[in-house]
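Below: one structure, written as structure tokens.
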2 protein chains.
Amino acid sequence: MSLVTDQSSCTSPNFVTYAEKFKAMSDPKRLELLHLLCINGSTCVCDLVDEMNIPQSKLSYHLKILLNADLIFKETKGTWSYYSLNEDVMSRILSRELCCILTPSS
Amino acid sequence: MSLVTDQSSCTSPNFVTYAEKFKAMSDPKRLELLHLLCINGSTCVCDLVDEMNIPQSKLSYHLKILLNADLIFKETKGTWSYYSLNEDVMSRILSRELCCILTPSS
DNA sequence: TTATTAAATCAAAATAAATTGATATAAGGA
DNA sequence: TCCTTATATCAATTTATTTTGATTTAATAA
């Protein structure tokens with residue numbers, strides 16, 4: 001079987017789905033957010049506000065974009081919301097070199 | 001030396017530069033273009049117009065965005081322009097799984 | 001119950017990106 | 001030279017995204 005034609009995951013690539021993920025990653029603030037979640041692990045919004053130095057509503061907006069793109073997870077505990085990286089998805093998209101920026105210990 | 005702290009390429013990541021590249025990849029038509037260049041290698045604009053089925057000025061616009069993001073190369077021969085993938089950059093950004101969609105034989 | 005805090009949502013304004021059709025440039029051939 | 005073809009650019013419009021500050025929702029504590 002030819003190495004070139006056996007591209008299991010490569011047939012009929014879903015460009016729309018990938019474009020959505022790349023769009024979510026197309027903003028420096030959102031990359032910084034992913035980076036923070038990568039370094040700190042699951043993090044409360046209240047801590048992200050402090051670290052990111054942007055208005056709370058803006059942070060909320062950017063988190064939602066990352067969440068909708070399936071790049072991060074959300075978990076609510078009482079009044080607090082914790083966000084974390086979706087490492088599986090991230091490592092399926094990005095190179096090792098970039099994963100090492102955006103996902104922990106890889 | 002710790003594996004975790006030796007992240008040569010990972011210190012002070014340039015989020016702006018990466019965001020630009022992701023923005024260039026944030027459109028299905030542009031991903032399709034990258035995919036075509038990946039499959040066909042260096043390709044003339046006139047052939048891309050046929051394959052992509054979009055107006056010429058639109059194609060020109062999208063090619064320029066990919067070129068400015070350093071994701072593709074351009075070479076002019078007489079009246080014709082040939083575009084090709086910047087495989088180095090692509091493989092430094094994307095996972096193997098995605099490279100196999102967007103860059104040849106990897 | 002009232003007050004406080006955390007986080008999401010909303011509407012308006014500002015900014016940016018994409019689309020369109022027309023025009024410009026420039027190379028090559030008749 | 002004149003015509004044709006290839007590609008890029010332009011200006012106007014449309015569409016999408018981001019920003020802002022105010023408001024809402026909901027949990028907890030006093």
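Heavy-atom basis, side chains included; hydrogens, waters and symmetry copies ignored. First the proteins, then the strands, lettered A, B, ... as listed; each starts at 1.
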Grab the N/O contacts between the protein and nucleotides 11-17 of chain D below 3.5 Å, and write none if there aren't any.
| residue | atom | partner | partner atom | Å |
| --- | --- | --- | --- | --- |
| D:dT17 | OP1 | A:K23 | NZ | 3.3 |

Have a look at [X] and say if it touches a base, only the backbone sugar-phosphate, or nothing, with a 4.0 Å heavy-atom cut-off.
| X | answer |
| --- | --- |
| A:S60 | base |
| A:Y83 | sugar-phosphate |
| B:K29 | nothing |

Listed pairs under 3.5 Å, donor-acceptor, residues 42-49 of chain B side chains, sequence neighbours left out:
| residue | atom | partner | partner atom | Å |
| --- | --- | --- | --- | --- |
| B:T43 | OG1 | B:G41 | O | 2.6 |

*Whole-Å distance between D:dT9 P and B:K58 NZ?*
18 Å

[X] side, atom [atom1]; [Y] side, atom [atom2] - distance, nearest 0.5 Å:
| X | Y | atom1 | atom2 | value |
| --- | --- | --- | --- | --- |
| B:K23 | A:K23 | NZ | NZ | 9.5 Å |
| B:S95 | A:R96 | OG | CZ | 11.0 Å |
| A:L85 | A:S91 | CG | OG | 10.0 Å |

Got a list of side-chain donor-acceptor pairs under 3.5 Å for residues 64-73 of chain B, not counting sequence neighbours?
| residue | atom | partner | partner atom | Å |
| --- | --- | --- | --- | --- |
| B:N68 | ND2 | B:K64 | O | 3.4 |

*Partner residues of A:D88 under the salt bridge (Lys or Arg N to Asp or Glu O under 4.0 Å) criterion, sequence neighbours left out*: A:R92

Please list, one pair per line, the donor and acceptor atoms closer than 3.5 Å that link side chains of residues 50-62 of chain A to other protein atoms, with sequence neighbours excluded.
| residue | atom | partner | partner atom | Å |
| --- | --- | --- | --- | --- |
| A:E51 | OE2 | A:N40 | ND2 | 3.1 |
| A:H62 | ND1 | A:R30 | NH1 | 3.0 |

*On DNA chain C, reading 5' to 3', which nucleotide is the first and which the last to sit with an atom under 4.0 Å from a heavy atom of chain B, could you check?*
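Contact span on the strand: C:dA17 to C:dG28.
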
*May I ask you to list the residues sharing a hydrophobic cluster with A:V16, side-chain cutoff 4.5 Å, ordered by chain and number?*
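So far as hydrophobic clustering goes, A:V16 is joined with none.
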
_Under 4.5 Å side-chain linkage, directly or through intermediates, the cluster mates of A:Y82_ = A:W80

*asked:* Near DNA chain C, counting only heavy atoms under 4.0 Å, which residues of residues 42-57 of chain B show up?
replied: B:S57

_Taking ring-ring contact (aromatic ring centres under 6.0 Å, His included) as the definition, give me every residue that meets it alongside A:F15, ordered by chain and number, with sequence neighbours left out._
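Only B:H35 meet the ring-ring contact (aromatic ring centres under 6.0 Å, His included) criterion with A:F15.
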
With 3.5 Å as the limit, what N/O pairs link the protein to nucleotides 24-30 of chain D?
none

*Looking at side-chain heavy atoms only, is the closest gap between B:F22 and A:L31 below 4.5 Å?*
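A side-chain contact exists here, since the closest heavy-atom pair is under 4.5 Å.
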
*Quick one: side-chain contact (heavy atoms from CB on, under 4.5 Å) partners of A:T17, sequence neighbours excluded?*
A:N14, A:K21

_Can you give me the closest heavy-atom contact between B:S81 and B:T76, atom names plus distance?_
OG-OG1, 3.6 Å

